[in-house]
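Worksheet: one structure, shown below.
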Amino acid sequence: MKYTTIWVIWNLIFANFLPDVLPPNIFRFFITMWMPAISAIIFLRAEKVPLKEGINWGIGSKKTYLLAILVPFLSAGLTVLIGLISRKLSFNSSHSVNIVSVTLTLIIWIFSSLGEEIGWRGYLHNHLRKYKHAPLYIGIIWGLWHMQGLIQSHAEIQSIAVFIILTILVSYFLSWLINSGGNMLACGLFHGVWNFLRLKILFGNPEHANDGYFISSSPSLTEMEGLYGTISFTLLAIPFIYLWYKKGPSKPESPSEKSAQ
C-alpha cells in the first residue's frame with residue numbers, strides 16, 4: 001500500500017498541477033490527460049513490475065469493447081430524453097457535421113483518455129482490486145483528480161458533488177469491465193467515446209466555440225456529467241454494482257505481489 005498511497009498523493013497534489021506551467025494548447029491537454037499513465041509507468045519501474053502486467057495491457061474479451069461503446073451511447077440517449085421531456089433541451093437546427101473533424105476528434109479523445117485509464121484502471125485498479133469497495137475508492141480519487149479543472153471552470157458545489165457521484169458510478173462499471181475482460185483498453189475506449197459524445201456530438205464545447213446537436217437552457221442539469229446524466233447512468237450502473245458485489249473483487253495476486261515472490 002505504500003507505493004499506492006504515494007502514487008495517489010503524487011497525482012492529486014503534484015502531477016495534476018505540473019502541466020499548468022505549459023502554455024494552453026493541445027500538447028498541454030495531452031500531457032494533463034497522460035499524467036496518470038506517466039506516473040504509473042514511473043512507479044511500476046520503481047516496484048520492478050512488468051509494464052504490461054502492471055497496467056492490465058492486453059486485447060481481452062470482445063464483449064467488453066461492445067459494452068464500452070454501447071453504455072456511453074445508452075447513457076447519452078437517456079440524458080437527452082430526460083432533457084427533452086423536461087424542456088431543458090432543444091434541437092440545434094444550425095448544427096452541421098464535418099466527418100473529418102468528427103473522426104479526428106474521436107481518435108484524439110480515445111488516445112487522451114487512454115492515458116487516464118492506464119493510471120486508474122491499470123495501476124490503481126491492480127493495487128486495490130482485492131478490496132471489496134475498490135471501485136468506490138477509485139471513483140472518489142478519480143473525481144478529486146478532476147477537482148482543479150472543476151474549480152477553474154467555476155463549477156458550483158452541487159455540480160461538483162454530482163460529478164463525484166458520477167465518477168463513483170462509472171468506476172463500478174469500469175472495474176467490473178476490466179475484471180470481465182482482463183484489460184484496460186476497453187476502459188480507454190469507453191472514456192474516449194463518453195467525452196466524444198459529450199463534448200463533440202451532443203452539446204459541443206462552448207469554451208472552444210464548438211456547438212452540438214442540442215442547445216441547453218441549463219447545462220448543469222442536462223450535461224452527461226450533470227444531474228440528468230448522473231440519473232441516467234445510475235439506472236445503467238445498478239446491475240454492474242450488483243454483479244461486482246455478488247461476484248466479489250478479483251482475488252488473483254496483484255503484479256506487485258507476484259514480483260515479490
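Within the 4.5 Å cutoff, side-chain heavy atoms of Ile141 are placed close to those of Trp120. Taking 4.5 Å as the limit, every side-chain heavy atom of Pro135 sits out of range of all side-chain heavy atoms of Ile168. Using a 4.5 Å heavy-atom cutoff, the side chains of Trp10 and Ile42 are not in contact. Residues Pro23 and Arg28 form no side-chain contact, since every pair of their non-hydrogen atoms from C-beta on lies 4.5 Å or further apart. Within the 4.5 Å cutoff, side-chain heavy atoms of Tyr123 are placed close to those of Glu47. For the pair Leu128/His133, no side-chain contact is recorded, criterion being any heavy-atom separation below 4.5 Å from C-beta on. Side chains of Leu81 and Tyr228 form no contact here, defined as non-hydrogen atoms less than 4.5 Å apart. A heavy-atom distance below 4.5 Å is found between the side chains of Leu67 and Phe173.
Neither Ile99 nor Ile107 shares a network with the other; the hydrophobic side chains, linked directly or stepwise wherever heavy atoms of I, L, V, M, F, W or Y lie under 4.5 Å apart, form separate groups for each. Leu169 and Leu221 are not part of a single hydrophobic cluster, where members link through side-chain heavy atoms under 4.5 Å apart. Residues Leu70 and Leu174 are members of one and the same hydrophobic cluster, defined by side-chain heavy-atom contacts under 4.5 angstrom among Ile, Leu, Val, Met, Phe, Trp and Tyr. Note on Leu243: it does not cluster hydrophobically with Ile238, by side-chain heavy-atom contacts below 4.5 Å among ILVMFWY residues. Clustering ILVMFWY residues whenever any of their side-chain heavy atoms sit less than 4.5 angstrom apart, transitively, puts Phe240 in the very cluster that holds Tyr245.
Annotation: the span from Lys247 atom NZ to Ser180 atom OG amounts to 5.5 Å, rounded to 0.5 Å. Taking OG of Ser113 as the reference point, atom CD1 of Ile118 lies at 11.0 Å (rounded to 0.5 Å). In this structure, CG in Leu177 is found 8.5 Å from OG in Ser61, a value given to the nearest 0.5 Å. The line from NZ of Lys88 to OG of Ser218 is 5.5 Å long, rounded to the nearest 0.5 Å. To the nearest 0.5 angstrom, His146 atom NE2 is 10.0 Å from Leu166 atom CG. Note that CD1 of Ile31 is 11.0 Å distant from CD1 of Ile26, once rounded to the nearest 0.5 Å.
Cation-pi geometry between Arg121 and Trp142 is satisfied (NZ or CZ under 6.0 Å from the ring centre, within 45° of the ring normal).
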Does the side chain to side chain contact (heavy atoms under 4.5 Å, CB included) test come out yes or no for Leu136 and Tyr172, once each step is laid out?
CA-CA 7 Å; Leu136 173 64; Tyr172 273 97; 3.6 Å; yes
His125 vs Ser175, test: side chain to side chain contact (heavy atoms under 4.5 Å, CB included). Steps then yes/no.
CA-CA 7 Å; His125 177 83; Ser175 291; 3.9 Å; yes
Taking it one step at a time, do Val193 and Trp109 satisfy side chain to side chain contact (heavy atoms under 4.5 Å, CB included)?
CA-CA 7 Å; Val193 171; Trp109 271 119; over 6 Å; no
Test side chain to side chain contact (heavy atoms under 4.5 Å, CB included) on Tyr213 and Val97 and set out the steps.
CA-CA 9 Å; Tyr213 279 105; Val97 176; 2.7 Å; yes
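In this structure, Ser171 and Gly139 approach most closely via the heavy-atom pair OG-N, 3.4 Å. The minimum heavy-atom distance linking Glu53 with Asn126 is given by the pair O-ND2, 3.1 Å. Between Ile82 and Ser232, the shortest heavy-atom distance links the atoms CD1-OG, 3.6 Å. Considering all non-hydrogen atoms of both residues, Phe214 and Leu89 come closest at CB-CD2, 4.0 Å. Minimum heavy-atom separation, Pro72 to Ile69: CD-O, 3.2 Å. In terms of heavy-atom proximity, Ala76 sits nearest to Leu197 at CB-CD1, 4.1 Å.
Looking at Trp7 and Ser39, their side chains do bring a donor and an acceptor atom within 3.5 Å of each other.
Aromatic ring centroids of Trp194 and Phe233 lie under 6.0 Å apart.
Under the side-chain contact (heavy atoms from CB on, under 4.5 Å) criterion, Ser90 pairs with Ile215, sequence neighbours left out. For Glu116, the salt bridge (charged side-chain N to carboxylate O under 4.0 Å, His left out) test picks out no residue, with sequence neighbours left out.
The backbone N or O of Phe14 sits nowhere less than 3.5 Å from a side-chain atom of Asn11 that would complete a donor-acceptor pair. No donor-acceptor pair closer than 3.5 Å links the side chain of Thr103 to the backbone N or O of Val100.
Within 6.0 Å of atom CZ in Phe29, more than 12 heavy atoms from other residues, nucleotides or ligands are found, so the atom counts as buried in its surroundings. Around atom CD1 of Ile59, no more than 12 heavy atoms belonging to other residues, nucleotides or ligands sit under 6.0 Å away.
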Please list every donor-acceptor pair under 3.5 Å in which a side-chain atom of residues 155-164 meets a protein atom from a residue at least two apart or in another chain.
{"unit_1": "Glu156", "atom_1": "OE1", "unit_2": "Gln158", "atom_2": "NE2", "d": "2.6"}

